[in-house]
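See below for the structure under consideration.
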Amino acid sequence: MLAKFRPLMAAAPATKAAPAVAFSTAAERDGYAQYNHTDACQHLRWTARESYEYMYARPWSRVVDFYAELVRTGAGAAGLAELFRKDEKDHTRDTNGEEPLTSSGKQMSVKSSKARGGRWERANFKIVLSYHGGSFDGWQKQPDLNTVQGLVEKHLGQFVDERKAKQLQERSLPIEGCATVAGRTDKGVTALQQVCSFYTWRKDVQPGDIKDTINEAAPDKIKSLVVSEVSREFHPNFSAKWRRYLYIFPLDGDATSISEDEQSSTILENPELKAPQSFDVAKVDKIIRQLEGKMLSYKIFARDTQASRSDGPATECFMYHSRAAVTKLYSADENCKEGTTVMCVELVANRFLRKMVRVLVATTIREAAAGADEDALLNLMDATCRRATAPPAPAEGLCLVDVGYEDFDEQRCFIVD
């Protein structure tokens, strides 16, 4: 068993103190590129540096190993369903591997496309991928970097039709396919059921051929779970109705059993810092729940976005589901029999901005530690400077769980009331 869920919503376990940050005076601490918050918690918030060091002091290797095992076994979202003791039937595929990975994947079949002629005669394939974020430099293809897109397109080159192959050769370009993805992931971010598509004019290409080719590309690092031929109208990004992310945050290095009766988190104090060094997971859950069911502009939580996308609908996202809970990760390591206590944050939205999930998680933890009100994130929406939020949490904890092409159903979520 990869992991075992324990309902610990009421309290967070004790966490190890982050490395001490030396400040000679309180004024030096307050003057460290700090956004000027004006609420009652302004002196309790971590600075950007304190938040960064607290986040990166966690035992991330255990989360990385957990994700790597899910990819290696091809468990997909079913591995996380086991973590939360959910029914795996809603997150797995048929044993023959030919059916879509989730029920939402049955959205488009090959029907009228071929009858329309012209470009509609191209064969369009939907590919569901699982890959380990720590093994790649993100999804997007970049020169001299080991990216998921670069690897996938390289191996799809053998399925390119003759006309396109000739065009590429005339331009002295490598013969590669073109993979369109539902959403790009950053370096270090794992995906369990990423969706991309590939089209070709060739009539002899079978879904099984594509699946086998991708699985041979980098064993244990990337796995093609399901490949199916779909309508030419299908687009992995524009056809998607929602995306689901899960962030796993290690709470301690030496996990101990926490009973449901413990209603308050242990406060670890550092005499050199005014700010607290722990947070209540129940508080995190209350804060992040305030985003549910709202269409909001998340520009303050985005990073590296173009200036043209800083205002208006381009930054607006509708959050279907946002919850946090505590569970435990278990591994085959005999030295970790008690497991690692972790906080899981599950977010489902119609779209996400770049680094939005990681900034949301880090900022929510910061606000919970400072004892901010439950509407803390909503209040930050009106901020004019991104320094009002915390630096992005480490990419190692983030996972793209799946992409949905049917209406959102909250009962398929892992963390529910």
Side-chain angles (χ1 to χ4, degrees), residues 67-76 93 96-101 105 110 119 121-232 234-237 399-400 402-403:
Y67 283 147
E69 182 67 9
L70 291 181
V71 174
R72 186 189 67 81
T73 59
R93 56 186 170 90
N96 60 18
E98 295 301 321
E99 292 295 325
L101 195 59
V110 183
R119 64 188 179 91
E121 294 184 357
R122 298 181 296 192
N124 193 28
F125 294 92
K126 174 185 175 183
I127 307 172
V128 182
L129 293 174
S130 178
Y131 54 84
H132 182 230
S135 302
F136 298 95
D137 296 309
W139 167 270
Q140 186 174 3
K141 185 186 341 186
Q142 301 180 63
D144 302 323
L145 290 180
N146 180 32
T147 66
V148 180
Q149 183 182 16
L151 182 68
V152 171
E153 291 187 346
K154 177 182 177 181
H155 287 78
L156 288 176
Q158 60 183 283
F159 304 111
V160 170
D161 53 87
E162 294 182 2
R163 180 180 178 183
K164 183 174 182 179
K166 184 177 180 180
Q167 291 175 343
L168 293 173
Q169 288 178 335
E170 291 175 349
R171 299 169 59 188
S172 299
L173 296 175
I175 300 178
E176 297 179 343
C178 180
T180 304
V181 72
R184 293 174 294 182
T185 53
D186 292 329
K187 178 180 179 180
V189 178
T190 295
L192 296 183
Q193 293 176 199
Q194 173 72 280
V195 179
C196 66
S197 67
F198 161 75
Y199 69 82
T200 179
W201 292 92
R202 286 177 49 179
K203 307 300 182 183
D204 60 335
V205 178
Q206 298 298 319
D209 299 333
I210 297 177
K211 180 178 179 180
D212 294 340
T213 298
I214 295 177
N215 287 340
E216 294 172 359
D220 298 337
K221 297 179 181 179
I222 183 171
K223 186 180 289 291
S224 176
L225 303 180
V226 173
V227 178
S228 55
E229 189 173 358
V230 293
S231 167
R232 179 64 184 90
F234 172 77
H235 191 286
N237 186 9
C399 170
L400 172 61
D402 53 7
V403 182

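- Closest approach of Ala179 to Leu156, counting heavy atoms only: CB-CD1, 4.4 Å.
- Side-chain atoms of Val195 and Phe234, non-hydrogen and from C-beta on, do get closer than 4.5 Å to each other.
- Scanning for salt bridge (charged side-chain N to carboxylate O under 4.0 Å, His left out) contacts around Asp137 gives Lys187, with sequence neighbours left out.
- Two residues are said to be in side-chain contact when any heavy atoms from C-beta on lie closer than 4.5 Å; Thr190 and Val71 meet this criterion.
- The line from CG of Asp220 to CD of Glu69 is 9.0 Å long, rounded to the nearest 0.5 Å.
- Annotation: side chain of Lys221 is in contact with side chain of Phe136 (closest heavy-atom distance under 4.5 Å).
- Looking at Ile210 and Ile127, their side chains come closer than 4.5 Å, going by heavy atoms from C-beta outward.
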Mind listing the side-chain donor-acceptor pairs of residues 212-219 below 3.5 Å, one per line with the distance, residues two or more places apart or on another chain?
unit_1: Thr213; atom_1: OG1; unit_2: Asp209; atom_2: O; d: 2.9
unit_1: Asn215; atom_1: OD1; unit_2: Ser224; atom_2: N; d: 2.5
unit_1: Asn215; atom_1: ND2; unit_2: Lys211; atom_2: O; d: 3.3

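- Residues Phe125 and Ser228 are not in side-chain contact: their nearest non-hydrogen atoms beyond the backbone lie 4.5 Å or more apart.
- The shortest heavy-atom contact between Gly76 and Leu225 is CA-CD1, 4.3 Å.
- The list of side-chain hydrogen bond (donor to acceptor under 3.5 Å, both in side chains) pairs with a residue in residues 139-148, not counting sequence neighbours, reads Gln140-Arg184, Lys141-Glu153, Lys141-Glu176.
- The shortest heavy-atom contact between Pro236 and Ser197 is CD-OG, 3.3 Å.
- When all heavy atoms are compared, the tightest approach of Gly177 to Phe198 is CA-CE1, 3.9 Å.
- For Ser135, the side chain to side chain donor-acceptor pair (under 3.5 Å) partners are His132, not counting sequence neighbours.
- Residues that satisfy the side-chain contact (heavy atoms from CB on, under 4.5 Å) test with Arg202, not counting sequence neighbours, are Asp161, Thr200, Asp204, Val205.
- Remark: Ser231 OG to Lys126 NZ distance equals 12.5 Å, nearest 0.5 Å.
- The side-chain heavy atoms of Val181 and Gln149, taken from C-beta on, include no pair separated by under 4.5 Å.
- One distance of note links CG of Asn124 with OG1 of Thr180; it measures 8.5 Å at 0.5 Å rounding.
- In this structure, the side chains of Ser130 and Ile222 stay at 4.5 Å or more apart for every pair of heavy atoms.
- Every pair tested for side-chain hydrogen bond (donor to acceptor under 3.5 Å, both in side chains) that includes a residue from residues 162-173 fails, sequence neighbours excluded, so the list is empty.
- Minimum heavy-atom separation, Leu192 to Cys399: CG-SG, 3.4 Å.
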